[in-house]
Amino acid sequence: MASQFRQYIIDCYEPLRGKPLKGEKPRSMPIQIDDQDDNDSFTNFCNIFCTVESAKSIKIELSGNIPITKSMAELALIYKGYADTNRGKLSIRITLDQIAVLGDLAQQIRKTALMGSLVNNPQWYRISARTASSLMRFYRVVEEFLLY
């Protein structure tokens with residue numbers, strides 16, 4: 001099932017990125033699940049990656065010039081992840097049964113919209129909404145997979 005789930009995510013997200021490179025992707029390679037495009041600032045954007053670790057667990061990683069609150073860091077620790085507030089990185093490991101936690105994380109990210117000045121990211125007001133939206137979209141993608 002892990003390979004089926006991974007392929008499902010790739011089918012949902014890779015068309016957004018263009019054609020993959022020739023050759024088979026390693027199974028552990030993270031899949032980008034945000035909505036970044038060529039018009040986005042690389043230094044101010046929040047990248048979101050998903051790694052399918054097993055048939056029932058995934059790792060979600062956020063990285064970029066993003067403010068990470070204490071409650072976001074605590075959420076990461078609860079779900080076997082970490083938060084690096086200095087480097088703008090957050091990681092959580094969840095089972096597919098725990099996918100609803102992404103909704104909680106998305107709400108917490110929305111609450112940081114006005115905190116861009118803390119990380120010197122004037123784009124964060126706009127990017128925070130897109131980041132939360134990307135997490136919610138992924139949440140729906142996983143739920144759809146679980147229905148089948």
Side-chain angles (χ1 to χ4, degrees), residues 1-2 4-18 25 27-148:
M1 179 164 139
Q4 290 174 333
F5 178 52
R6 179 174 167 66
Q7 188 58 51
Y8 186 80
I9 295 171
I10 289 170
D11 291 346
C12 289
Y13 286 94
E14 289 299 320
L16 301 175
R17 313 271 173 253
K25 290 188 174 189
R27 291 179 189 192
S28 62
M29 182 178 233
I31 303 163
Q32 190 170 8
I33 60 170
D34 57 59
D35 67 349
Q36 186 175 17
D37 61 31
D38 291 340
N39 297 320
D40 289 315
S41 164
F42 181 73
T43 57
N44 292 326
F45 197 79
C46 178
N47 294 288
I48 309 171
F49 292 93
C50 169
T51 303
V52 177
E53 295 186 323
S54 74
K56 296 184 179 185
S57 68
I58 57 175
K59 178 170 68 169
I60 302 293
E61 297 175 284
L62 288 81
S63 63
N65 195 11
I66 63 173
I68 297 174
T69 64
K70 183 178 179 181
S71 62
M72 289 166 64
E74 289 171 352
L75 184 71
L77 290 175
I78 289 168
Y79 290 96
K80 302 174 190 157
Y82 68 90
D84 183 339
T85 56
N86 294 326
R87 293 179 36 204
K89 291 187 171 205
L90 182 118
S91 171
I92 62 172
R93 284 185 158 86
I94 56 176
T95 64
L96 298 186
D97 295 344
Q98 298 169 321
I99 197 67
V101 77
L102 294 184
D104 296 337
L105 182 58
Q107 285 181 336
Q108 290 184 26
I109 288 171
R110 279 191 182 100
K111 291 178 183 177
T112 67
L114 299 176
M115 298 174 69
S117 61
L118 295 176
V119 291
N120 197 26
N121 183 350
Q123 303 290 325
W124 185 244
Y125 181 79
R126 183 177 61 84
I127 299 296
S128 65
R130 289 175 60 195
T131 301
S133 177
S134 291
L135 284 171
M136 291 306 296
R137 176 177 182 237
F138 184 70
Y139 173 40
R140 290 188 302 273
V141 164
V142 173
E143 283 192 323
E144 186 176 287
F145 174 80
L146 292 174
L147 288 174
Y148 297 105

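Residues take their numbers from the sequence shown, with the count starting at 1.
Note that NZ of K89 is 10.0 Å distant from OG of S91, once rounded to the nearest 0.5 Å. For the atom pair D11 CG and Q4 CD, the distance stands at 11.5 Å (nearest 0.5 Å). Summarising the geometry, atom CD belonging to Q36 is positioned 8.5 Å from atom OG belonging to S41; distances are rounded to the nearest 0.5 Å. I92 CD1 to I58 CD1: the interatomic distance, rounded to the nearest 0.5 Å, is 7.5 Å.
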* Asked: Where do L102 and V142 land on the side-chain contact (heavy atoms from CB on, under 4.5 Å) test, with the steps shown first?
  -> CA-CA 11 Å; L102 294 184; V142 173; 5.9 Å; no
* To do: Applying side-chain contact (heavy atoms from CB on, under 4.5 Å), run through L62 and I68 and close with a yes or a no.
  => CA-CA 10 Å; L62 288 81; I68 297 174; over 6 Å; no
* To do: Show your working on side-chain contact (heavy atoms from CB on, under 4.5 Å) between Y8 and V141 and close with a plain yes or no.
  => CA-CA 9 Å; Y8 186 80; V141 164; 3.7 Å; yes
* To do: Show your reasoning for whether side-chain contact (heavy atoms from CB on, under 4.5 Å) applies to Y82 and R93.
  => CA-CA 9 Å; Y82 68 90; R93 284 185 158 86; over 6 Å; no
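Within the 3.5 Å criterion, the main-chain N or O of E53 finds no donor-acceptor partner in the side chain of T51. At distances below 3.5 Å, not a single donor-acceptor pair connects side-chain atoms of N47 with backbone N or O atoms of G64. A distance-only check finds a donor-acceptor pair linking the side chain of S134 to the backbone of R130 [under 3.5 Å]. Between the side chain of N121 and the backbone N or O of N44 there is at least one donor-acceptor pair closer than 3.5 Å. No donor-acceptor distance shorter than 3.5 angstrom exists from the side chain of D40 to the backbone of F45, with no hydrogens or angles considered.
Considering every non-hydrogen atom in both Y79 and I94, the closest pair reads CD2-CG2, 3.7 Å. Here the closest non-hydrogen pair linking C46 and I66 is CB-CG2, 3.5 Å. When all heavy atoms of A2 and S54 are compared, the pair lying nearest together is CB-C, 3.6 Å.
Relative to the six-membered ring of Y13, R137 meets both conditions, a distance below 6.0 Å and an angle of at most 45° to the axis.
Looking at Q107 and R110, their side chains never bring a donor and an acceptor atom within 3.5 Å of each other. Side-chain contact, E143 with Y139: a donor N or O sits under 3.5 Å from an acceptor N or O. Side chain to side chain, Q108 and S71 meet the donor-acceptor criterion of an N or O pair below 3.5 Å.
The shortest distance between side-chain heavy atoms of I48 and F138 does not fall below 4.5 Å. The shortest distance between side-chain heavy atoms of L96 and F5 falls below 4.5 Å. Side-chain atoms of D37 and D35, non-hydrogen and from C-beta on, never get closer than 4.5 Å to each other. In this structure, the side chains of I10 and Q7 come closer than 4.5 Å at one or more pairs of heavy atoms. Taking the side chain as every heavy atom from C-beta outward, V101 and L75 approach each other to under 4.5 Å. You'll find the side chain of I109 reaches within 4.5 Å of the side chain of W124, heavy atoms only. Between L118 and T112, every side-chain heavy-atom pair lies at or beyond the 4.5 Å cut-off. By the 4.5 Å heavy-atom criterion applied to side chains, L90 and M72 are counted as neighbours.
Atom CZ of R87 has 12 or fewer heavy atoms from other residues, nucleotides or ligands within 6.0 Å.
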